[in-house]
Number of protein chains: 2
Amino acid sequence: MATIRDVAQLARVTPTTVSRVLNNSGYVKEDTRKRVETAIADLAYLPSTVGQSLRFKRTQTLGLVISDISSMFWITVIRGAERFARAHGYSLVLIDTESSEQQQQSALENLIRRQVDGIILMPVSARTEPIRFVQRQGIPIVVLDHPMRDEQVDVVRCDTEQASYDLTRLLIERGHRKIAMITGPNNFATATDRADGYRRALRDAGLPVDETRILYGRFLPESGAAMAAKLLELDDRPTAVVTGNDFIALGAANTFRKAGIRIPEDLSMVTFDVAPEDLVLDPFFTSVLQPGALMGERAAEILLRRLDGQEMPYEEVLLPTRIAEFSSIACPRA
Amino acid sequence: MATIRDVAQLARVTPTTVSRVLNNSGYVKEDTRKRVETAIADLAYLPSTVGQSLRFKRTQTLGLVISDISSMFWITVIRGAERFARAHGYSLVLIDTESSEQQQQSALENLIRRQVDGIILMPVSARTEPIRFVQRQGIPIVVLDHPMRDEQVDVVRCDTEQASYDLTRLLIERGHRKIAMITGPNNFATATDRADGYRRALRDAGLPVDETRILYGRFLPESGAAMAAKLLELDDRPTAVVTGNDFIALGAANTFRKAGIRIPEDLSMVTFDVAPEDLVLDPFFTSVLQPGALMGERAAEILLRRLDGQEMPYEEVLLPTRIAEFSSIACPRA
DNA sequence: CTGTTAGCGCTTTCAC
DNA sequence: GTGAAAGCGCTAACAG
């Protein structure tokens with residue numbers, strides 16, 4: 001890999017002049033410029049950004065820390081963020097924390113050491129210390145998908161409490177009265193928000209809230225399967241279930257199928273975050289769709305604005321969701 | 001962001017000593033070490049990797065260039081590569097080329113300038129020049145998912161010709177005789193391989209190969225939809241269709257549904273690359289599953305071996321596929 | 001045991 | 001119009 005000095009030598013000038021040619025700064029005699037350009041071409045020279053980073057204290061890099069890359073939803077977030085970053089001359093370093101607090105910490109340390117210009121974080125927990133840790137290093141950070149009440153940080157997310165309300169309401173309108181909710185960890189805002197919206201919808205409809213019908217687990221197929229099994233043990237079985245995300249839904253659906261329960265004939269199901277309409281095959285889950293790509297974009301955009309030196313108050317961007325209706329709802333039987 | 005000099009100053013030593021403490025190299029008096037460690041902690045100092053990169057000419061970074069991040073398949077590849085890289089002290093820079101030759105070129109230039117230690121490339125075309133371009137810079141590169149006949153480069157992929165053979169054979173065994181194939185661009189090996197396997201399966205079964213039943217398009221839902229529409233115009237309609245990937249399948253299924261054609265009752269469908277079994281809801285496509293995570297891992301692993309200085313001949317890693325059977329096949333009707 | 005020096009690749013004063 | 005020198009953060013060879 002050629003360096004600026006190799007080019008200089010070949011063109012019989014100093015690195016200074018090569019730099020001037022590269023950056024179109026200062027005057028360079030046409031003749032000299034030609035020689036330099038030839039040398040650059042001959043050596044297939046590309047200026048090293050690590051040298052530049054050291055000089056400018058800017059790496060033109062954003063860090064994206066995801067707590068679990070698996071879900072179809074997150075790929076759209078990654079895609080949106082990468083696309084926006086790339087369009088603005090930044091690259092993306094992607095790190096999966098596998099939902100581990102410890103791995104999140106080392107991911108953040110890694111990114112700080114790499115001197116990334118900004119960080120997008122989908123946190124593994126509600127702890128705010130990791131965010132402060134990054135901010136203390138003077139690196140702007142945006143939190144994704146997680147409400148940070150009273151926190152001095154930018155947040156991009158959807159109002160999933162409201163989305164959950166709407167989703168539950170849909171079931172109520174179809175005649176369901178006994179509705180269950182299976183969601184993620186009860187110390188995790190994205191999980192409890194869904195439960196909150198669900199409760200509010202029931203209350204608004206004058207229906208009782210039966211806490212035994214609300215199950216907390218993890219946002220994983222196995223957990224969904226286990227919670228579904230618990231539901232089947234209830235004395236008074238629900239006629240419909242709201243699930244917290246696509247993985248829980250798929251795991252639960254599996255359990256139900258094995259138990260000979262048909263969806264939607266025997267049990268209606270609705271969920272969050274399955275793939276966009278044109279990427280699924282009917283029959284499929286009626287589901288809340290979060291605009292993942294937009295979330296990634298907006299997060300990156302906030303970072304770039306801050307890197308641009310714009311002074312602005314911390315903001316919480318609430319993106320709109322919508323419900324894609326498929327065939328997983330039926331009217332309850334007698 | 002504190003530098004090594006800030007730490008040195010606070011601990012009243014030179015950067016050298018701080019470096020020694022950081023890297024546990026050379027002798028440091030216990031007392032001095034303590035002072036340095038305190039200073040490090042006080043300043044929340046983390047050594048900059050860009051300084052180290054400049055010094056060592058190693059960035060501990062791999063580049064992953066994907067030609068289209070959308071598919072569920074690619075997320076597993078990304079995940080596998082990231083995980084393996086992280087486990088070995090490397091980070092991943094992710095770039096989407098959006099299937100554009102030009103963007104691929106700038107992605108590669110970007111990564112070279114960033115001095116990444118290795119590159120994993122899912123190429124947008126069969127052109128070999130981009131690969132040589134990277135190799136000329138002395139950076140090891142692994143090609144994903146694309147056969148590179150006679151090429152001096154490592155390749156990790158699945159034998160999709162054989163997989164397509166098996167998939168087609170499955171339809172033949174169920175009694176189908178009129179089988180169509182809709183796949184990607186006919187100048188793209190991953191697309192033509194599928195067509196080749198399909199043809200071979202027909203021939204081996206003594207069935208005629210009707211080229212009008214083989215349609216080339218793009219690996220996108222819209223293209224799948226359009227090709228499906230073409231199939232419907234054929235005089236002698238097929239009773240089954242093999243599609244080249246999940247997107248084509250979903251697009252095609254959409255067209256069929258709109259035309260009132262039921263799957264599998266009226267038409268059987270099989271495809272490639274839908275999500276792993278536990279992440280789909282039956283009914284779903286019977287499909288060839290490629291081990292995406294493993295592909296990502298193996299690609300990263302080859303790079304690390306080469307970075308480790310291991311001399312070895314270029315290899316083509318062929319990973320096994322398997323078929324996940326769902327409900328999209330029925331026996332043909334009279 | 002610790003400090004001095006030099007250099008990785010780059011750009012930017014400041015001279016000439 | 002071009003070059004020399006300095007410095008971004010880090011480490012290693014060499015002194016002492």
Q) Base, sugar-phosphate, or nothing: which does Thr16(B) touch, judged by heavy atoms less than 4.0 Å apart? A) base
Q. Counting only distance, no hydrogens or angles, is the base of dG3(C) paired donor-acceptor with the side chain of Arg20(B) under 3.5 Å?
A. yes
Q | Spacing between Asn24(A) atom CG and dG1(D) atom C1', to the nearest angstrom | A | 15 Å
**Q.** Gln52(A) side chain near dG9(C) phosphate (N/O to OP1/OP2, under 4.0 Å)
**A.** no
Q. Does Lys57(A) make a side-chain N or O approach to OP1 or OP2 of dG7(D) shorter than 4.0 Å?
A. no
Q: Tell me which of Thr32(B) and Tyr45(A) sits closer to the 5' end of DNA chain C, going by the nucleotide each one is nearest to.
A: Thr32(B)
Q | Nearest-angstrom distance from the residue atom CZ of Arg58(B) to C1' of dC10(D) | A | 17 Å
Q | Base of dA12(D) paired with side chain of Ser25(B) (donor-acceptor, under 3.5 Å) | A | no
Q: Check whether any side-chain heavy atom of Val116(B) lies under 4.5 Å from a side-chain heavy atom of Leu62(B), and answer yes or no.
A: no
Q) How many Å lie between CG on Asn23(B) and P on dG9(D), as a whole number? A) 17 Å
Q: Return the value, rounded to whole Å, for the distance between atom CZ of Phe56(A) and atom P of dC8(D).
A: 14 Å
Q. Take atom CD in Glu129(A); do more than 12 heavy atoms of anything else shown fall under 6.0 Å from it?
A. yes
(Q) Between Glu98(B) and Arg86(A), does any NZ, NE, NH1 or NH2 come within less than 4.0 Å of an OD or OE carboxylate oxygen? (A) yes
(Q) Can you work out whether Leu22(A) or Val13(B) has the more 5'-proximal nearest nucleotide on DNA chain C? (A) Val13(B)
Q | Tyr27(A) OH - dT12(C) C1' separation (whole Å) | A | 17 Å
Q | Atom pair distance, as rounded to whole Å: CZ in Arg55(B) and C1' in dG9(D) | A | 11 Å
Q.
Does Val28(A) reach a base, just sugar-phosphate, or nothing at all? Heavy atoms under 4.0 Å.
A. sugar-phosphate
**Q.** Phosphate contact (dG3(C) OP1 or OP2) by Thr17(B) side-chain N/O below 4.0 Å
**A.** yes
Q | Spacing of Ile4(A) atom CD1 relative to dG3(D) atom C1', expressed in whole Å | A | 13 Å
Q.
Between P on dC8(D) and CG on Asp6(B), what's the gap in Å once rounded to a whole number?
A. 10 Å
Q | Greater than 12 external heavy atoms within 6.0 Å of Glu151(A)'s CD | A | yes
Q) Is a donor-acceptor contact shorter than 3.5 angstrom present between the side chain of Thr14(A) and the base of dA4(D)? A) no
Q. Distance-only, no hydrogens or angles: does the Gln104(A) side chain make a donor-acceptor pair with backbone N or O of Val124(A) under 3.5 Å?
A. yes
